[in-house]
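Throughout, numbering of the chain's residues begins at 1 and tracks the sequence. What you see is a predicted model, and the numbers here were worked out from it, not measured in a lab.
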Amino acid sequence: MKKILFVLALTFTIIQTGCGIKKEAADPYFNATVLEVNEKSVLVEPFEGSNELSSSDQIVVSTAVISDHELPAMEAGTLIRIVYDGEIAESYPAQIANTFAIYLIDEAGELLEGAP
């Protein structure tokens, strides 16, 4: 009887633990138009329909990227994809401090050649 209770308890524990497993999602990103380039950041406007627009219509993004990917040359009007940690500081303009990568994109929001 003790063996049956032990097996049931062990099975229940495994099932409960398995239900708590969370699959890691890809890093969040959004597409935007560069409005202004500064020494350590860029001011951007997220594309229409972007979830980031619910935070602000303008976001300051740190250009100190946390990856080996080289930062592309940018100027006002450049279209970019920003990969970040999902955290946006609620201010105006909003701010993203932890930027993983910035890629150049085309008008359709597709990565330009050379981006992963």
Side-chain angles (χ1 to χ4, degrees):
M1 181 70 172
K2 286 183 180 180
K3 286 184 180 181
I4 293 173
L5 288 175
F6 176 75
V7 170
L8 287 174
L10 182 61
T11 303
F12 180 75
T13 303
I14 291 170
I15 290 171
Q16 290 291 32
T17 304
C19 291
I21 295 174
K22 182 179 177 183
K23 189 173 183 179
E24 292 296 319
D27 293 320
Y29 69 87
F30 67 100
N31 297 333
T33 303
V34 174
L35 300 175
E36 182 180 297
V37 178
N38 299 303
E39 187 176 328
K40 296 182 181 182
S41 66
V42 290
L43 177 66
V44 300
E45 177 182 11
F47 277 16
E48 193 65 38
S50 169
N51 290 336
E52 286 71 16
L53 276 173
S54 64
S55 293
S56 181
D57 63 337
Q58 294 185 359
I59 302 174
V60 174
V61 178
S62 171
T63 54
V65 296
I66 307 169
S67 75
D68 293 334
H69 178 73
E70 189 175 316
L71 195 65
M74 295 176 280
E75 60 184 30
T78 302
L79 304 178
I80 59 173
R81 175 170 294 172
I82 300 149
V83 183
Y84 68 110
D85 66 355
E87 298 292 322
I88 299 177
E90 298 296 328
S91 60
Y92 192 80
Q95 299 174 42
I96 293 176
N98 297 317
T99 309
F100 297 134
I102 297 175
Y103 302 107
L104 296 177
I105 59 172
D106 62 19
E107 294 80 17
E110 299 296 320
L111 295 175
L112 293 178
E113 194 172 319

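The line from CD1 of Ile59 to CD of Glu45 is 10.0 Å long, rounded to the nearest 0.5 Å. Atom CD of Glu87 is separated from atom CG of Asn98 by 8.0 Å, given to the nearest 0.5 angstrom. Put simply, CG on Leu104 and CG on Leu79 are 9.0 Å apart, with the number rounded to the nearest 0.5 Å.
Between Ser56 and Pro46, the shortest heavy-atom contact is O-CG, 4.1 Å. Across all non-hydrogen atoms, the minimal contact from Val60 to Pro93 is CG2-CG, 3.6 Å. Ser50 and Glu52 get closest at one heavy-atom pair: OG-OE1, 2.6 Å.
Listed by chain and residue number, nothing satisfies the side chain to side chain contact (heavy atoms under 4.5 Å, CB included) test with Ala73 (two or more places apart in sequence, or in another chain). In this structure, the side-chain hydrogen bond (donor to acceptor under 3.5 Å, both in side chains) partners of Ser91, at least two apart in sequence or on a different chain, are Gln95. Looking at residues two or more places apart in sequence or on another chain, you find no side-chain hydrogen bond (donor to acceptor under 3.5 Å, both in side chains) involving Thr63. Remark: Tyr29 engages no residue in a ring pair (Phe, Tyr, Trp, His ring centres under 6.0 Å) (not counting sequence neighbours). For Phe100, the side chain to side chain contact (heavy atoms under 4.5 Å, CB included) criterion is met by Asp27, Ile66, Val83, Asp85, not counting sequence neighbours. Take Ser55 and apply the side chain to side chain contact (heavy atoms under 4.5 Å, CB included) test, not counting sequence neighbours, and it matches Ile88, Glu90. Residues passing the side chain to side chain contact (heavy atoms under 4.5 Å, CB included) test with Asn51, sequence neighbours excluded: none.
For the side-chain contact (heavy atoms from CB on, under 4.5 Å) test with Ile102, the passing option among Val44, Thr78, Ile80 is Ile80; the others fail.
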Donor-acceptor pairs under 3.5 Å, side chain of residues 32-43 to any protein atom, not counting sequence neighbours: which ones?
from	atom 1	to	atom 2	distance (Å)
Glu36	OE2	Asn38	ND2	3.4

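Each ring-ring contact (aromatic ring centres under 6.0 Å, His included) pair with one or both residues in residues 80-99, not counting sequence neighbours, appears once here: Phe30-Tyr84.
A continuous path of ILVMFWY side-chain contacts below 4.5 Å connects Val65 to Met74, so both sit in one hydrophobic cluster.
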